[in-house]
Amino acid sequence: LTDIRAASDVVEALGKLSMRHAADAGAGDDVLLATAGVGLIHFRSETALRAFAAEWPMQVAQAAPGLRFVQAWATGENAGALSSVIDLAAGQRNLPIPSLPEGAPFVRRSNRTGGLAVRKDGDEAEWVDAALATIRGRAAGVDGLRDRFGVAADIKLSDNLQTWPDGYVAVIHIDGNAIGGCVRGLAADKLHDFSRKLSAATSAAAQAATAAATVKWAKQFGTSRDMAFRPLILGGDDVTVLLHSSLALTFVEQYLTTFEIESKNAHPSGLTACAGIAFVKRTFPFSQAHHLAEELCRSAKNANSGGNVRSRVMLHRVTTSALRAWESVEELELAGVLVGGPYLAGNVDVRNEASLVGLQKLSYVLSLYRLPRGPLREWVAIVREAAVEAKRRTTHAGDAPTAETRDTFGRANKHWERMMQIIESKRPAARRALSETLITLGVDPNSGLTKVSGGAETRSASLPHTPLYDALTLWGLGHVEAK
């Protein structure tokens, strides 16, 4: 975790480096964006642009060895050039990037990264490559992201995962919605103003979310224990943090709510963002967890493709040692039907639609009335089997699901009816609370399933789905509170 923190500082420092280098090239006043590994600079002459572009790869290689990056440029009118450079940069990311220098067959390599070893490091004399050596050299430096996230001076952050409380950790990635569409067509002066106000909104939201998470941490674990929280990225409209799973929903909710309010300074109607939350064990590889969080965030953003752009959240708890891509997890492990999200979040007052508040309330109801986990989990397993069988029949028939394929849910419906009858006979209040909560999520209380969801675009909309799997996940994590 110390390496991760230091690596974040190395990438963050590239923004200041690019500003200094741009000033040397004659564009010091036209740096439109330089943070979180992203830079956008307006040059007044092509000569200055090419002078910067020729030396920038060397600057990056010295400041952050091994970091892969792309650069692209375009000339023309402000709006047209900006649109072109965004498209060019996106295309560059798909090209293979060589790793230099190439190593001979018989050279020592870093056991941790596989890169060419440059020296030994630490008490255990670990061989490290140039990238890791740079990171380790900065590990004891200033924690710049701590200040930008507004962590209070009296709060100490723990960089040792082994000292974190038992349970899962959460990797959160948050990304703004339709920001590219907002900047296309803007002149340089307006783009600079938009970028500045967007960064201010992101920072304000991150600080509000950190404050909310800090309060919850103090209530749960006291003020004497080092806080299980590590900010990693903050810039533009991107935020990435690693924290104890009990703080995850509090952080995300507060961030999205504050961002929608603060971003009205950048855009008259305000902006929204989506978040992906990956719950993993402490020993799970961080790179894979971070990639999953990004995929979950992307899946949440896909639900906005129909033009209904809103803040949404996707979450998933990893329970297997071999992690597939999220699309495979969604299709194979969860069979589509167990994916209850994306859940609406932020400044929303929703009814009959999947929302993060509704999901938390559902988990709270399950916990409050101590509804039987065994039968609920059995019902979840039956629903998954039914979805798999329905898809198999659909694939075989080559058409959309028919009455015959939907009949595969008959066993699940009977199991649900028996559960509800038993709950109502023993605890009528629990049955009423469960039904009311399911209705607020757009779920049929007579089956536990629905075809209506804000996230239908991410999977087959012709089969039902349920948020109960996610609710059981939150209950299992032990992070249940009244909503």
Side-chain angles (χ1 to χ4, degrees), residues 1 4 158 161-175 209 212-213 216-217 220-221 227-233 239-256 274-300 312-330 332-334 338-343 345 354 356-360 362-364 366-367 373 376-377 380 455 458 466-481 483:
L1 191 53
I4 293 173
S158 172
L161 284 174
Q162 300 308 314
T163 65
W164 287 25
D166 292 339
Y168 281 69
V169 301
V171 179
I172 300 173
H173 179 71
I174 305 175
D175 189 22
K216 185 169 184 180
W217 173 266
Q220 284 188 292
F221 303 103
M227 187 174 175
F229 176 75
R230 171 46 55 192
L232 299 175
I233 294 175
V239 171
T240 302
V241 297
L242 175 68
L243 72 175
H244 190 259
S245 58
S246 62
L247 310 177
L249 298 185
T250 298
F251 184 93
V252 168
E253 276 188 299
Q254 187 62 57
Y255 180 93
L256 296 178
C274 286
I277 310 175
F279 294 106
V280 298
K281 294 184 178 179
R282 287 182 292 186
T283 55
F284 195 82
F286 171 78
S287 60
Q288 295 183 34
H290 178 245
H291 183 64
L292 174 60
E294 288 185 318
E295 288 187 312
L296 290 167
C297 181
R298 192 177 304 115
S299 179
R312 305 175 191 268
V313 179
M314 283 288 282
L315 56 90
H316 179 65
R317 177 177 64 168
V318 177
T319 57
T320 59
S321 57
L323 180 65
R324 303 186 183 96
W326 169 244
E327 289 184 356
S328 297
V329 173
E330 185 179 28
L332 301 177
E333 185 178 331
L334 304 178
L338 302 183
V339 183
Y343 298 97
L356 191 59
V357 169
L359 175 66
Q360 293 178 86
L362 177 58
S363 182
Y364 174 71
L366 297 180
S367 173
R373 294 196 200 196
L376 283 170
R377 287 176 178 149
V380 165
T458 63
T466 178
L468 276 158
Y469 178 81
D470 288 336
L472 286 170
T473 293
L474 295 184
W475 188 9
L477 289 171
H479 312 317
V480 178
E481 55 185 299
K483 285 289 177 184

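Here the structure is a predicted model, which means the values were calculated and not measured.
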Measuring from [X]:[atom1] to [Y]:[atom2], what's the distance to the nearest 0.5 Å?
{"X": "Y469", "Y": "E333", "atom1": "OH", "atom2": "CD", "value": "5.5 Å"}
{"X": "H316", "Y": "L292", "atom1": "NE2", "atom2": "CG", "value": "6.5 Å"}
{"X": "F286", "Y": "L232", "atom1": "CZ", "atom2": "CG", "value": "5.0 Å"}
{"X": "R317", "Y": "L472", "atom1": "CZ", "atom2": "CG", "value": "9.0 Å"}
{"X": "L256", "Y": "F251", "atom1": "CG", "atom2": "CZ", "value": "9.5 Å"}
{"X": "L477", "Y": "S246", "atom1": "CG", "atom2": "OG", "value": "9.5 Å"}

Donor-acceptor pairs are to be reported for all side-chain atoms of residues 163-174 against protein atoms at under 3.5 Å, with residues two or more places apart or in another chain.
from : atom 1 : to   : atom 2 : distance (Å)
T163 : OG1    : S158 : OG     : 2.7
T163 : OG1    : N160 : O      : 2.7
W164 : NE1    : S158 : O      : 3.4
W164 : NE1    : S158 : OG     : 3.4
H173 : ND1    : T240 : OG1    : 3.0

Does L468 reach the side chain of L366, with side-chain heavy atoms less than 4.5 Å apart?
yes
Show, in sequence, the C-alpha distance, side-chain angles and deciding distance for W217 and L243, and conclude whether the side chain to side chain contact (heavy atoms under 4.5 Å, CB included) test is met.
CA-CA 11 Å; W217 173 266; L243 72 175; over 6 Å; no
How close do [X] and [Y] get, heavy atom to heavy atom, and via which atoms?
{"X": "L247", "Y": "A228", "answer": "CD1-O, 4.1 Å"}
{"X": "A278", "Y": "A293", "answer": "CB-N, 4.1 Å"}
{"X": "L356", "Y": "Y343", "answer": "N-CB, 3.5 Å"}
{"X": "L359", "Y": "A471", "answer": "CD1-N, 3.6 Å"}
{"X": "S363", "Y": "L474", "answer": "OG-CB, 3.6 Å"}
{"X": "A300", "Y": "A275", "answer": "CB-O, 4.2 Å"}

Using the rule given for side chain to side chain contact (heavy atoms under 4.5 Å, CB included), can you reason through V357 versus E253, listing the C-alpha separation, both sets of side-chain angles and the distance that settles it, and then say yes or no?
CA-CA 9 Å; V357 169; E253 276 188 299; 3.5 Å; yes
Give me each pair satisfying salt bridge (charged side-chain N to carboxylate O under 4.0 Å, His left out) with a member in residues 285-297, each pair once, sequence neighbours excluded.
none
Please assess Q288 against V318 for the test side chain to side chain contact (heavy atoms under 4.5 Å, CB included), listing each intermediate value before the final yes or no.
CA-CA 11 Å; Q288 295 183 34; V318 177; over 6 Å; no
Given the rule in the side chain to side chain contact (heavy atoms under 4.5 Å, CB included) test, do M314 and W326 qualify, once you have shown the distances and angles that lead to the verdict?
CA-CA 11 Å; M314 283 288 282; W326 169 244; 3.4 Å; yes
Atom CD of residue position Q220 - does it have more than 12 heavy atoms of other residues, nucleotides or ligands inside 6.0 Å?
yes
